[in-house]
Amino acid sequence: MCGIIGYTGNKEATPILLKGLSQLEYRGYDSSGIAVSNGETGVSVRKASGKLESLVSNIRHDYPSGNLGIGHTRWATHGKNTENNAHPHGDCTGNILVVHNGIVENHSALKDELNKNGHTFVSETDSEVIPHLIEAILQSDCTLEEATLMAARQLEGSQAIVVMSKSEPEKLLALRIGNAGGITVGYGEDEVVIASDMTAIIPHTKKVNFLSDGEMVSTTPSNTKFFTLNGEEFNKTPQTLSYDPVSIARGGFKHFMLKEIHEQPESIISTLRGRVIFGSSNILLEEIPLDKKTLRDMNRVVLVAMGTSFHAALVGQHMIEQLSGIPATAENASEFRNRNPIIDEKTLVISISQSGETTDTLLAMETALNNKATVLTISNVEESQASRLAQGNIYLRSGPEIGVASTKTFTCSMEALYILSAYLGRQNGFLSEEMLREKLMDLEKLPDKLGRITSGSKSYIKLAEIYHDTSNFLYLGRGINYPIALEGALKLKEISYIHAEGFPAGEIKHGPIALIDENIPVVAIVTSGKMREKMVNNIHEVKTRGGKIIAIATEGDEEIETLADHTIYIPDATEMLTPLLTTIPLQLLAYHIAVKRGCDVDQPRNLAKTVTVE
Ligand code: AGP
């Protein structure tokens, strides 16, 4: 899950590559590098370990000039975060240079063979075999395109690759094998930009092509050709994107994560827009091209996802069952596809992935399709791989999410699941017209309620002052708020590096209660509804053992304040929608603790925004 970029045109390549890499850095930031070709003086390669800013400051004193180049920002899989392992990687002569995303699964065998034939490797990466393979094939007198395709056919695993050659200083090649990562080709005026995703393309052009699995592009600024992996040339018509580049700026907030937390009242309106008309009993989901009979025949729903999206799936499981009456289970996508699940044409599989590019989730979708299930996806990227695999895509329209920790796409995913569940319920007759109208009305006040929660920060700053040095946190929830306990714990651990665990509160007596002492804060979600009394009992159990309680409670529930050490109130809402509210204080708590600890909130260590390896 690295970011890759290429440029060929009439402008200086270096600033374009660096700007593009800054937009792709969310995909990995262990090291970065560029190679720039200047027709007359050859190719200059610059690399640095660590974040992109190290490369940028190196280049300031040693600017590589030229009109063609490739760049890479790395999330390490094979080999440490050293400058040597940073991309681009070259062949023995430095003629071929390559940036790569994915894993060459048979790299050891290929490397042994190339070593025997006299090739010398300078890095510990799997990627370095690619330029050497191309070099070896080029010796048999073929074109760069032919050699690259022949090399690609020998690679096992999913890959996205961009190739340049010193001998062809206007030409870039890019290819995609499998689902490890996309390649977008953007056409400007006398220039072509190639990148892992649209964020790096949009500043230049909205006219693009997406490479599909098994396709290669070969391009100069004025001439673009497409090939299949077998070398057959074909035509591909470009499409025009709609995307607002201004919205990716931080907009006055200290971090993208904070900006994205504050965007939630707006982004949930965006998800609703055109789909729900308040006061009516109608949901418009034109993006789901399934007829009433197909939907009525579904006897089971399986939701697949990873990480935060998996927590949305767990919430969705409750929503599907309660609003459509269809039995539903949420499954970790990676586990699901590795256990030969029993599903058939009467199973509706819903994948949730903000990026639509998570390999485990894509593979789970493929498993479902191979078993004849109907597959829908919920994602925040309109032209993602997930959306292309699925029979229907509910596009979240949350706007780009740059912070590695998901926030607004989580709330929007839960909202999309609520809408989809109600839609299924109405289609199969589980919900009457009147019931549907009521369910939709419950959504109406949600943006305003979210806005009230995001507006204050004082109490979180105070909590961060008290608890930022704590080593462990527990999060407890029940029912539809149990997944929010998991999500609260995930948010805290990923951005503050504090160990945190979420539990269904009923579970604590079965073991975790042994952890409770005066040093452990316990975040308890104790909102009004059928779980409240049981949660109050859990709070007593923790307090009796000296634990500190941070309670998330419903406004007006004054009793909680007398039990808990700290109480954060959220507005009242129908129980099924409370997860969209209770998650926000937990995002803010994690954020302020991480800031107080001096952590890199938007780019936490060891993580990447999009996980394109299994
Ligand atoms: C959440 O904060 C993490 N960034 C991570 O768990 C993420 O939700 C997971 O990798 C799935 O990503 P997706 O939604 O893009 O598929």
Side-chain angles (χ1 to χ4, degrees), residues 1 25-29 75 179-182 196-197 199 255-258 260-261 264 267 303-316 330-337 349-366 377-387 389-390 393-396 398-414 416-417 475 483-484 486-497 500 502 583-584 586-591 594 599-614:
M1 47 200 176
E25 210 182 1
Y26 71 91
R27 301 172 71 96
Y29 35 83
W75 187 78
N179 286 327
S196 302
D197 70 39
T199 45
H255 296 100
F256 278 112
M257 181 182 177
L258 189 60
E260 287 153 8
I261 291 172
Q264 290 175 102
S267 55
L303 302 115
V304 292
M306 299 299 287
T308 289
S309 292
F310 173 61
H311 300 152
L314 286 166
V315 171
E331 303 225 24
N332 173 288
S334 153
E335 291 298 316
F336 170 79
R337 78 129 191 151
V349 171
I350 304 170
S351 82
I352 301 129
S353 173
Q354 73 79 24
S355 62
E357 303 285 343
T358 299
T359 297
D360 286 313
T361 307
L362 295 174
L363 292 172
M365 292 170 75
E366 276 174 6
T377 192
I378 293 176
S379 97
N380 196 35
V381 179
E382 214 169 359
E383 285 298 333
S384 64
Q385 297 196 60
S387 70
L389 266 182
N393 173 24
I394 302 188
Y395 170 44
L396 292 175
S398 313
E401 189 176 70
I402 306 296
V404 163
S406 297
T407 50
K408 61 179 177 173
T409 56
F410 178 57
T411 42
C412 289
S413 295
M414 292 189 285
L417 282 163
Y475 287 72
I484 303 305
L486 296 177
E487 174 60 10
L490 175 62
K491 283 286 91 77
L492 186 69
K493 51 187 157 196
E494 67 181 337
I495 62 169
S496 75
Y497 321 138
T583 195
I584 293 171
L586 305 192
Q587 294 169 352
L588 285 165
L589 180 64
Y591 172 81
C599 296
D600 188 344
V601 172
D602 283 334
Q603 295 185 331
R605 69 184 183 202
N606 304 339
L607 296 179
K609 181 75 179 161
T610 309
V611 183
T612 56
V613 286
E614 271 182 87

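We number each residue from 1, following the sequence as shown. Whatever order the structure lists ligands and atoms in, that order sets their numbers, starting from 1. These numbers come from the heavy atoms of this one structure, side chains and all, not from hydrogens, waters or symmetry mates. From a predicted model like this one, the values you see are computed outputs, not experimental measurements.
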Asker: Give a table of atom pairs where an N or O of ligand 1 lies under 3.5 Å from a protein N or O.
Answerer:
from     : atom 1 : to   : atom 2 : distance (Å)
ligand 1 : 2 (O)  : T308 : OG1    : 3.3
ligand 1 : 2 (O)  : S406 : N      : 2.8
ligand 1 : 2 (O)  : K491 : NZ     : 3.1
ligand 1 : 2 (O)  : E494 : OE1    : 3.3
ligand 1 : 2 (O)  : E494 : OE2    : 2.4
ligand 1 : 4 (N)  : V404 : O      : 2.8
ligand 1 : 6 (O)  : T308 : N      : 3.3
ligand 1 : 8 (O)  : T308 : N      : 3.0
ligand 1 : 12 (O) : T358 : OG1    : 3.4
ligand 1 : 14 (O) : S309 : OG     : 2.6
ligand 1 : 14 (O) : Q354 : N      : 2.8
ligand 1 : 15 (O) : S353 : OG     : 3.4
ligand 1 : 15 (O) : S355 : N      : 3.0
ligand 1 : 15 (O) : S355 : OG     : 2.6
ligand 1 : 15 (O) : T358 : OG1    : 3.4
ligand 1 : 16 (O) : S353 : OG     : 2.5
ligand 1 : 16 (O) : T358 : OG1    : 2.5

Asker: Does any part of the side chain of F410, heavy atoms only, come nearer than 4.5 Å to the side chain of I484, both counted from C-beta?
Answerer: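 A side-chain contact under 4.5 Å exists here.
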
Asker: Please find the pair of heavy atoms, one from S387 and one from E382, that lie closest to each other, and give the distance.
Answerer: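 Closest pair (atom of S387, atom of E382, distance): OG-O, 2.8 Å.
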
Asker: For side chain to side chain donor-acceptor pair (under 3.5 Å), just list the numbers for T411 and Q264, CA-CA rounded to whole Å, side-chain angles, deciding distance to a tenth of an Å, and then say yes or no.
Answerer: CA-CA 7 Å; T411 42; Q264 290 175 102; 2.9 Å; yes

Asker: Could you walk me through whether K491 and S496 satisfy the side chain to side chain donor-acceptor pair (under 3.5 Å) test, starting with their C-alpha distance in whole Å, then the side-chain angles of each, then the deciding distance to 0.1 Å, before giving a yes or no?
Answerer: CA-CA 8 Å; K491 283 286 91 77; S496 75; over 6 Å; no

Asker: What is the minimum heavy-atom distance between N393 and V381, and which atoms define it?
Answerer: ND2-O, 4.1 Å

Asker: Who pairs with E401 by salt bridge (charged side-chain N to carboxylate O under 4.0 Å, His left out), at least two apart in sequence or on another chain?
Answerer: K609

